[in-house]
Amino acid sequence: MVRRFPMKRMPATLMVAGLVSAGCSGAIGDSSGNGTMSGPAPTGGNTNTGGAMGPAGSTGSTGPGAQPAATMHKLTIAEFTNSLHDLLGSNVPVAAPAQLEPDQQLDGFRSVSASIVAVSPMGISQFEAAINAATKFAFGSATQAAQVLPCVPASVTDSACPLGQALSTFGRRAFRRPLTANDVARYVEVATDIAQEPNSSILVGLKYAVSAILQSPDFLYRVELGTPSPADGGRNKYTDYEMASRLASLLWVSVPDDATLEAAASGKLSTPAGVLAQAKTMLASPKAHQS
């Protein structure tokens with residue numbers, strides 16, 4: 001059963017309190033702590049009984065203790081737009097909402113619907129066009145590229161700024177987690193192959209590699225599936241990086257910054273106190289206003 005509340009703006013401190021209170025208790029929707037699902041999962045808890053809410057706002061539970069199927073959240077238009085600006089620069093042109101597949105609403109909430117919808121072939125084409133236009137601008141010059149990457153390689157063999165290092169640093173924020181070795185190899189290969197084509201350049205290679213990163217499901221979907229936690233009866237618990245992703249989505253409607261990802265890397269987002277401390281820091285940022 002989905003509870004409906006008057007559509008009033010919830011104070012940010014109340015949202016964070018709800019997020020932290022569900023943090024590591026191992027129970028969602030049931031104050032007894034036995035893990036049964038008596039209501040919809042709150043946004044941002046650190047213990048996940050199996051994933052996001054299912055169709056029609058239900059948790060997909062079939063009985064006490066049953067675990068619903070985990071799902072991923074497609075970025076809403078606001079999340080997509082803010083993320084591109086945070087990753088590529090505030091001056092990067094981003095497609096107008098009318099040029100992107102519209103968000104769907106489930107029980108009045110776009111974020112809930114985003115956990116069950118899929119992108120249509122037309123929507124994929126629209127994402128591709130928007131991302132290509134944004135990266136074309138962002139890599140129009142070395143000066144622009146320097147605002148996107150930690151350093152700009154002068155060539156595919158630049159030892160002072162290795163191609164893999166530049167792309168993995170960017171990709172960590174885009175994917176909201178560290179890139180795997182296979183991830184890095186894939187995007188380095190894209191940049192290298194294109195940069196070495198006739199009449200091409202390293203900037204062109206970087207543009208296509210970054211565009212490929214941003215067209216990956218790892219960017220277009222928030223992957224928050226959790227891992228089994230022995231301390232929580234074997235139920236799934238969000239990883240630190242998944243919690244960083246949830247905090248950024250809730251408080252900034254965007255991707256995490258380097259500081260939030262560093263907090264995740266050091267294990268600070270695995271406890272309610274750590275989540276609360278990071279949330280307070282994020283609420284002090286001007287980015288909180290776009291939420």
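Note that this is a predicted model, so its numbers are computed, not measured. The figures that follow rest on heavy atoms only: side chains count, while hydrogens, waters and symmetry mates do not.
Atom CG of residue Asp240 and atom OG of residue Ser245 lie 12.5 Å apart, to the nearest 0.5 angstrom. Taking CG of Asp218 as the start and CG of Leu179 as the end, the distance is 8.0 Å to the nearest 0.5 Å. Considering CG of Leu261 and OG of Ser266, their distance stands at 10.5 Å, rounded to 0.5 Å. Considering CG of Leu75 and CG of Asn82, their distance stands at 10.5 Å, rounded to 0.5 Å. Taking OG of Ser285 as the reference point, atom CD of Gln290 lies at 8.0 Å (rounded to 0.5 Å). Between atom CE of residue Met122 and atom CD of residue Glu101 there is a gap of 9.0 Å, rounded to the nearest 0.5 Å.
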From CA spacing to verdict: side-chain contact (heavy atoms from CB on, under 4.5 Å), Val92, Val148
CA-CA 11 Å; Val92 167; Val148 178; over 6 Å; no
With side chain to side chain donor-acceptor pair (under 3.5 Å) as the criterion, how do Thr169 and Gln165 come out once you've worked through the C-alpha distance, each side chain's angles and the decisive distance to 0.1 Å?
CA-CA 6 Å; Thr169 300; Gln165 174 185 316; 5.6 Å; no
Output, in order, the C-alpha distance, side-chain angles, deciding distance and verdict of side-chain contact (heavy atoms from CB on, under 4.5 Å) for Val152 and Leu203.
CA-CA 8 Å; Val152 181; Leu203 278 180; 4.2 Å; yes
Which is it for Gln278 and Thr260 under the side chain to side chain donor-acceptor pair (under 3.5 Å) test, yes or no, and what are the steps along the way?
CA-CA 7 Å; Gln278 187 61 37; Thr260 305; 3.2 Å; yes
Evaluate the ring-ring contact (aromatic ring centres under 6.0 Å, His included) criterion for residues Phe127 and Phe80: first the C-alpha distance (whole Å), next the side-chain angles of each, then the deciding distance (0.1 Å), finally the verdict.
CA-CA 9 Å; Phe127 273 137; Phe80 176 75; 4.9 Å; yes
Please walk me through it: do Met282 and Leu250 pass side-chain contact (heavy atoms from CB on, under 4.5 Å)?
CA-CA 10 Å; Met282 297 172 74; Leu250 173 69; over 6 Å; no
Stepwise side-chain contact (heavy atoms from CB on, under 4.5 Å) test for Phe170 and Leu214:
CA-CA 10 Å; Phe170 174 85; Leu214 296 176; 4.0 Å; yes
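Taking 4.5 Å as the limit, every side-chain heavy atom of Leu251 sits out of range of all side-chain heavy atoms of Lys280. Using a 4.5 Å heavy-atom cutoff, the side chains of Gln144 and Asn91 are in contact. Under the 4.5 Å side-chain criterion, counting only non-hydrogen atoms from C-beta, Leu247 is in contact with Val275. Counting heavy atoms from C-beta on, the side chains of Tyr241 and Arg176 never come closer than 4.5 Å. Under the 4.5 Å side-chain criterion, counting only non-hydrogen atoms from C-beta, Gln126 is not in contact with Gln99. In this structure the side chain of Leu269 never reaches within 4.5 angstrom of the side chain of Glu242, judged on heavy atoms. Contact of the Gln196 side chain with the Val156 side chain is registered, since non-hydrogen atoms from C-beta on lie closer than 4.5 Å. Using a 4.5 Å heavy-atom threshold, the side chains of Asn132 and Phe137 count as separate.
Side chain of Ser229 to backbone of Lys237: no donor-acceptor contact under 3.5 angstrom is found. A donor-acceptor pair is defined here as one N or O able to donate and one able to accept, closer than 3.5 Å; no such pair exists between the side chain of Ser90 and the backbone of Asp86. Looking only at distances, no side-chain donor or acceptor of Asp232 sits under 3.5 Å from a matching main-chain atom of Gly234.
Side-chain contact annotation: Gln215 with Ser211, donor-acceptor N/O pair under 3.5 Å present.
Placement of Val204 and Ile213 in two distinct hydrophobic clusters is found when ILVMFWY residues are connected by side-chain heavy-atom separations under 4.5 Å, directly or transitively. Val190 and Ile202 are not part of a single hydrophobic cluster, where members link through side-chain heavy atoms under 4.5 Å apart. Each of Leu283 and Val253 belongs to its own hydrophobic cluster when Ile, Leu, Val, Met, Phe, Trp and Tyr are linked at side-chain heavy-atom distances under 4.5 angstrom. Criterion: ILVMFWY side-chain heavy atoms under 4.5 Å apart, direct or through other members. Under it, Leu84 and Ile124 are part of a common hydrophobic cluster. A single hydrophobic cluster is seen to contain both Val210 and Leu220, as judged by linkage of ILVMFWY side chains at heavy-atom distances under 4.5 Å, directly or through other members.
Ala264 and Ala244 make their closest contact through CB-CB, 4.2 Å (heavy atoms, listed as atom of the first residue, atom of the second, distance). The heavy-atom pair separating His85 from Val94 by the smallest distance is NE2-CG2, 3.5 Å. Between Cys161 and Ala166, the shortest heavy-atom contact is SG-CB, 4.3 Å. Taking each heavy atom of Ile77 and Pro102 in turn, the nearest pair found is CD1-CA, 4.1 Å. Summarising the geometry of Ala191 relative to Leu206, their closest heavy-atom pair is CB-N, 4.3 Å, with the distance given to 0.1 Å. The two residues Ser168 and Val184 have their closest heavy-atom pair at CB-CG2, 3.8 Å.
For Arg110, the side-chain contact (heavy atoms from CB on, under 4.5 Å) test picks out Thr76, Asp103, Gln105, with sequence neighbours left out.
A salt bridge does not link Lys287 with Asp257: every distance from a Lys NZ or Arg NE/NH1/NH2 to an Asp or Glu carboxylate oxygen is 4.0 Å or more. For Glu79 and Arg222, the salt-bridge test passes: some basic side-chain N is under 4.0 Å from an acidic carboxylate O. Salt bridge Asp183/Arg186: present, at least one basic N to carboxylate O contact under 4.0 Å. A salt bridge links Arg172 with Asp258: at least one charged nitrogen is closer than 4.0 Å to a carboxylate oxygen.
Ring geometry, Phe175 versus Tyr187: the interplanar angle exceeds 60°, so the pair is classed perpendicular (tilted spans 30 to 60°).
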